[in-house]
Amino acid sequence: MDCEKCGAPAVMHAAYSGLHLCESHFCRSVEKRLRRRVRDDDLLSDAATPDDPETWVVGLSGGKDSVVLTHILHETFAEDPRVELVALTIHEGIQGYRDKSLDACLSLTDALDIRHEVVSYEEEFGLRMDDVAREDPEGMAPCAYCGVFRRDVLSRYAEALDADKLLTGHNLDDEAQTALMNVLSGDLRQMAKHFDASLGSFDRRGDEHADEFVPRAKPLRDVPEKEVALYAHLRELPTHMAECPHSSEAYRGEIQELLLNLESNHPGTRHSIMAGYEEFAAIVAERFRGDGDGPALGDCERCGATTTRDLCRKCELVEAVHEADADAGVGTGSD
Amino acid sequence: MHVTVHVVGEDAHEVDLPDPTYGDLIAAVDLNPHEATVLVDGRPVPEDAPVEHDEVRVLRLIKGG
């Protein structure tokens with residue numbers, strides 16, 4: 001099988017487009033899709049200038065998605081004085097797992113020579129995910145705690161780093177799974193929130209909460225997960241490939257399997273789900289904007305984070321974990 | 001056709017299939033073609049291509065985020 005662009009030996013076949021591509025044309029195609037998404041989403045504001053550049057904070061975990069995102073953004077914008085890239089890595093306190101992925105992050109940012117901030121749950125909250133998974137004071141999956149802590153750290157540090165945008169490495173599979181889960185839950189407000197928070201192009205998003213949150217974007221969301229991984233392999237990027245030992249998103253796993261089976265039998269399913277969902281979420285977001293029925297936002301009485309409650313969910317969970325530790329007579333955050 | 005399939009970092013499998021594609025080999029070792037690729041002489045090959053080698057490696061590309 002040869003590349004349909006140049007006749008060199010193909011390294012992959014994209015069933016959804018029917019194309020066979022060689023290494024060079026495949027890698028260019030991944031890069032092109034990311035750049036087109038950056039353009040289509042109006043990621044770089046017209047107001048950005050060499051004298052007043054935009055700061056883009058990239059959530060860098062060391063996994064293939066965030067490594068590929070950081071690599072291509074660097075290739076694209078390293079010489080553009082209107083953009084400053086900063087990598088932000090979170091150490092959740094998962095022994096073995098995150099230590100190795102942090103090594104991958106450091107070798108990437110050293111090689112690219114980009115600013116890199118590393119923060120840990122231990123320093124931020126006085127806890128480690130290994131302890132949280134063991135204590136589990138709320139009877140939830142570890143990912144449920146970790147997601148709340150991660151969003152808090154990402155948004156606080158994005159603000160502290162004076163970020164204009166917070167970019168994450170979500171790929172097509174991630175986004176199609178989230179879209180399908182939102183559709184199946186029937187929660188229209190969640191779809192509207194998804195659109196305005198991270199999915200919609202910047203010229204179509206509402207700005208109701210523009211002062212409270214650093215806007216997020218997912219420039220890799222047109223590229224299937226396997227292609228992201230194949231790109232990382234072919235470009236020999238330093239990535240850490242292992243499943244988090246606490247991973248337990250059973251429902252998402254079910255949706256992932258369903259989607260991959262559909263994709264095998266009906267190539268292009270993930271793309272068509274996203275095309276329809278994005279348009280639908282845009283209409284729903286417009287419908288709900290300014291209707292006054294959304295939750296009222298205030299400040300957490302403990303940490304000041306934007307929240308709909310007196311105490312934000314993060315402070316609530318941190319307190320629960322510390323109380324469980326005290327009851328068990330175990331000190332978190334130290335060996 | 002008889003093919004020895006080495007799953008990188010895991011076990012080797014002996015696979016017998018009539019006129020297989022590389023994608024069939026991935027499925028034969030209980031992986032999904034959306035999460036793995038076949039390497040021939042260290043190079044990825046398209047999963048719809050007919051198998052031309054009696055020994056290949058399968059590289060799992062996706063194992064969590």
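Being a predicted model, the structure only gives us computed values, none of them experimental. Chain A is the first sequence line, chain B the second, and so forth, proteins listed ahead of strands; every chain is numbered from 1. Computed from heavy atoms alone, side chains included, the values below leave out hydrogens, waters and symmetry copies.
With a 4.5 angstrom heavy-atom cutoff, A:E263 touches chain B via backbone and side-chain atoms both. Neither the backbone nor the side chain of A:L21 has a heavy atom closer than 4.5 Å to any heavy atom of chain B.
Atoms CE and OH, from A:M1 and B:Y22 in turn, are 10.0 Å apart once rounded to the nearest 0.5 Å. We find the CG-NE2 distance between B:L39 and A:H233 to be 5.0 Å, quoted to the nearest 0.5 Å.
Side-chain contact check for B:H34 versus A:N261: every heavy-atom pair is 4.5 Å or farther apart. In this structure, A:K64 and B:I62 have side chains that are in contact, with non-hydrogen atoms separated by less than 4.5 Å.
Each of A:P9, A:S264, A:A232 has some count of heavy-atom pairs under 4.5 Å with chain B, and the biggest count is that of A:S264.
Remark: A:R252 CZ is packed, more than 12 non-hydrogen atoms of other residues, nucleotides or ligands lying under 6.0 Å away. Crowding of A:E257 atom CD: a count of heavy atoms from other residues, nucleotides or ligands under 6.0 Å not exceeding 12. Around the CD atom of A:Q95, the shell of radius 6.0 Å holds no more than 12 heavy atoms that belong to other residues, nucleotides or ligands. Counting heavy-atom neighbours within 6.0 Å of B:D16 CG, excluding the residue itself, gives a total above 12. Annotation for B:D19: atom CG does not count as buried by contact number, only 12 or fewer foreign heavy atoms lying within 6.0 Å.
Shown here for B:E35 and A:K226, the closest heavy-atom pair between the two residues is N-CD, 4.4 Å. When all heavy atoms of B:P46 and A:A10 are compared, the closest pair comes out as CD-O, 3.3 Å. Contact record, B:D48 with A:H20: OD2-NE2, 2.7 Å, taken as the closest heavy-atom pair.
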